[in-house]
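What you are looking at is a predicted structure, and each value in this text was computed from that prediction instead of being measured. So that the names make sense, note that chain A is the first sequence line, chain B the second, and so on, each numbered from 1.
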Amino acid sequence: MLDLNFVRDNLPLVEEKLRQRGMNPSEVLKDFQAIDSERRHAITQMETLKARRNQASDEIARLKKNKEDASAHIQATKDLREQIQELEKKSADADARLREILTSLPNLPHDGVPVGKSEADNVEVRRWGSEPAFDFKPKPHWELGEHLGVLDLERAAKLTGARFAVYWALGARLERALANFMLDLHTREHGYTEVLPPFMVNSDSMYGTGQLPKFAQDLFRVPHGEKDLWLIPTAEVPVTNLYRDEVLDAAKLPVCLTAYTPCFRSEAGSYGKDVRGIIRQHQFQKVELVKFSRPEASYDELEKLTHNAETVLQRLGLHYRVMTLCTADIGFSSAKTYDIEVWLPGQNVFREISSCSNFEAFQARRANIRYRPEGKSKTEFVHTLNGSGLAVGRTWVAVVENYQQADGSVLIPDALQPYMGTDRITPRSL
RNA sequence: GGAGAGGUGCGUGAGCGGUUGAAACGAUCCGCCUCGAAAGCGGACAUACCUUAACGGGUAUCGUGGGUUCAAAUCCCACCCUCUCCGCCA
């Protein structure tokens with residue numbers, strides 16, 4: 001969420017940044033100024049009357065103490081009551097409408113973010129490794145997975161439906177090996193603390209990181225008594241919300257956390273997309289990196305976090321490129337995002353395998369996550385960042401496709417062999 | 001699921017329906033004292049919003065939301081959370 005005062009004082013800038021995102025400012029900011037002044041007007045009036053009422057109440061107390069007659073004052077306050085209630089309703093109403101506007105506004109892109117109209121305008125920052133050479137036509141992972149007997153989409157469809165997967169044998173172990181490898185790397189070498197959060201959260205948490213109120217259709221909702229719970233679409237949600245409504249110790253910043261969790265996404269509106277294989281699933285597992293940073297350090301931390309994610313691919317010997325997302329392609333809550341795209345020879349494309357973002361104070365303001373700068377009495381919002389480190393399912397795909405052999409077996413990269421207990425996946429029957 | 005206890009500021013912990021935004025103690029910060037420190041003494045110490053050029057003034061907030069009342073931390077109702085005991089259970 002953007003700061004109300006900031007929006008009010010920098011309306012032209014906000015409009016320009018919204019335009020860069022491909023939005024129509026006059027539409028989303030419609031009536032902003034009118035509602036804002038209406039709200040302040042109502043508050044001022046209401047508080048004036050309340051002050052008068054409080055004054056009268058004090059007077060009543062004083063009179064009663066002295067056993068004097070206070071009935072005139074009591075009647076006066078009774079009369080005030082109705083007016084106050086009316087104004088209260090008016091200001092609450094304006095407040096709600098203003099809040100609706102404010103919560104619907106996306107974060108403003110950082111100044112360094114390339115202005116663009118679509119994902120075609122994303123800018124490549126760097127590239128690592130090179131495409132592996134094959135003296136045969138590399139297969140897509142769904143063919144390899146079936147051939148090896150490690151990936152079973154048919155039975156998953158029977159159990160649950162489309163966009164779910166069952167992994168068997170070394171396929172299942174590969175998933176587990178990748179997760180353990182990633183967590184060990186980030187905790188032992190990159191200084192992250194591992195957390196294991198709940199996989200369902202309440203609405204407040206979804207609101208804190210920006211999934212609600214706008215993106216409910218992307219989530220799985222679980223009715224629970226009067227209230228709803230939600231399956232997490234990413235560990236970002238529970239991990240960032242760990243510190244909701246808290247004041248962090250400045251000396252401990254940046255706080256760096258990592259979590260391995262399943263992620264659940266309804267994928268509404270992507271029906272025709274990526275229907276083959278396990279690129280786009282309703283459930284997938286991901287190792288997430290989350291940071292809470294001082295504002296002045298957050299862009300350095302974004303670079304570090306992105307490199308931490310890249311290190312996973314480097315250790316696995318997987319070719320990738322890093323893209324800076326343009327203003328039209330960055331997520332709702334993000335001020336700047338790097339996507340890491342891994343090379344998939346079976347499909348002859350780069351596919352997103354990690355998305356690393358700096359949300360600045362956007363989430364912190366919604367979730368009320370603050371810290372107290374040294375020597376200052378006032379708290380400030382931290383900056384929150386996160387990135388996949390990495391999406392395990394897509395890493396599984398990358399390993400299988402990049403390390404496939406002519407006979408259909410898959411070699412295991414050196415870094416994973418201790419976790420796999422083997423150097424190769426060979427066919428078995430499902 | 002059943003029975004009970006409780007939720008107050010950074011912490012502990014008071015709080016007859018009306019000078020309580022909230023005692024006291026502790027923590028922290030600033031002074032004094034000291035060669036320096038400790039102790040002691042004095043002082044400061046919540047947040048948000050409205051208003052003001054500023055000083056300041058005002059309003060709200062004692063788990064959350066309603067209600068009673070001229071007036072609610074204090075009374076009533078609902079809900080949430082924590083703890084203890086019983087039952088059930090991976």
Self-check item: B:U59 and B:A22, which share atom name P, separated by this distance in whole Å
Solution: 13 Å
Practice problem: Using atom CZ of A:Arg365 as one end and atom P of B:C49 as the other, report the distance to the nearest whole Å. | Solution: 11 Å
Quiz item: Does B:C55 have a Watson-Crick or wobble partner in any strand here, with both distances under 3.5 angstrom, and which is it?
Solution: none
Quiz item: Are the side chain of A:Thr324 and the backbone of A:Tyr338 linked by a donor-acceptor contact shorter than 3.5 Å?
Solution: no
Self-check item: Donor-acceptor pair, side chain of A:Arg21 and main chain of A:Pro106, under 3.5 angstrom
Solution: no
Practice problem: Look through every strand shown and name the nucleotide pairing with B:A27 as Watson-Crick or G-U wobble, where both distances are under 3.5 Å. | Solution: none
Quiz item: How many angstroms lie between atom OG of A:Ser205 and atom CD of A:Gln211, to the nearest 0.5 angstrom?
Solution: 10.0 Å
Exercise. Return the 5'-most residue of the pair A:Ala61, A:Arg52 with respect to RNA chain B, ranking by each residue's nearest nucleotide.
Key: A:Ala61
Self-check item: Partner nucleotide, any strand, of B:U19 [Watson-Crick/G-U, under 3.5 Å]
Solution: none
Practice problem: With RNA chain B as reference, determine whether A:Ala51 or A:Arg62 sits nearer its 5' end, using the nearest nucleotide of each. | Solution: A:Arg62
Quiz prompt | Base paired to B:U84 (Watson-Crick or G-U; both N/O distances under 3.5 angstrom) | solution = B:A3
Quiz item: Between A:Lys50 and B:U59, does any side-chain N or O lie under 4.0 Å from OP1 or OP2?
Solution: no
Quiz item: For A:Gly389, does its backbone N or O pair with a side-chain atom of A:His186 as donor and acceptor, under 3.5 Å?
Solution: yes
Practice problem: Find the partner of B:C79: check Watson-Crick (N1-N3 plus N6-O4 or O6-N4) and G-U wobble (N1-O2, O6-N3) distances, both under 3.5 Å, and reply none if neither fits. | Solution: B:G63
Quiz item: How would you label the contact of A:Ser57 with the nucleic acid (heavy atoms, under 4.0 Å): base, sugar-phosphate, or nothing?
Solution: base
Exercise. Taking atom C1' in both B:G13 and B:G17, compute the distance separating them and give it to the nearest angstrom.
Key: 22 Å
Exercise. Describe the nucleic acid contact of A:Arg81 in one word from base, sugar-phosphate, nothing, applying a heavy-atom distance below 4.0 Å.
Key: base
Self-check item: Under 3.5 Å: donor-acceptor pair, side chain of A:Asp152, backbone of A:Arg155
Solution: yes
What nitrogen or oxygen pairs link the protein and nucleotides 50-56 of chain B at under 3.5 Å?
{"residue": "B:C50", "atom": "O2'", "partner": "A:Thr44", "partner atom": "OG1", "Å": "2.7"}

Quiz item: With a 4.0 Å cut-off on heavy atoms, is A:Asp58 in touch with a base, just the backbone sugar-phosphate, or nothing at all?
Solution: nothing
Return the polar atom pairs (N/O with N/O) between nucleotides 61-67 of chain B and the protein under 3.5 Å, or none.
none

Practice problem: Verify the contact: side-chain N or O of A:Arg53 to OP1 or OP2 of B:A60, cut-off strictly under 4.0 Å; return yes or no. | Solution: yes
Quiz item: Is there a donor-acceptor pair under 3.5 Å between the side chain of A:Lys291 and the backbone N or O of A:Leu385?
Solution: no
Practice problem: Give a yes/no verdict on a cation-pi contact between A:Arg366 and A:Tyr207, requiring under 6.0 Å between NZ or CZ and the six-membered ring centre and an angle within 45° of the axis. | Solution: yes
Practice problem: Name the pairing partner of B:C33, where a pair is Watson-Crick or G-U wobble with both distances under 3.5 Å, or state none. | Solution: none
Self-check item: Audit row: A:Lys90, A:Asp95, salt bridge (charged side-chain N to carboxylate O under 4.0 Å, His left out) steps and yes/no
Solution: CA-CA 9 Å; A:Lys90 205 166 152 192; A:Asp95 200 69; over 6 Å; no
Quiz item: Closer than 4.0 Å, any side-chain N/O of A:Asn54 to the OP1 or OP2 of B:A60?
Solution: yes
Practice problem: Establish, yes or no, whether a centroid distance under 6.0 Å links the rings of A:Phe332 and A:Phe362. | Solution: yes
Quiz prompt | Sidechain-backbone polar pair: A:Ser357 side chain, A:Phe359 backbone, donor-acceptor under 3.5 Å | solution = no
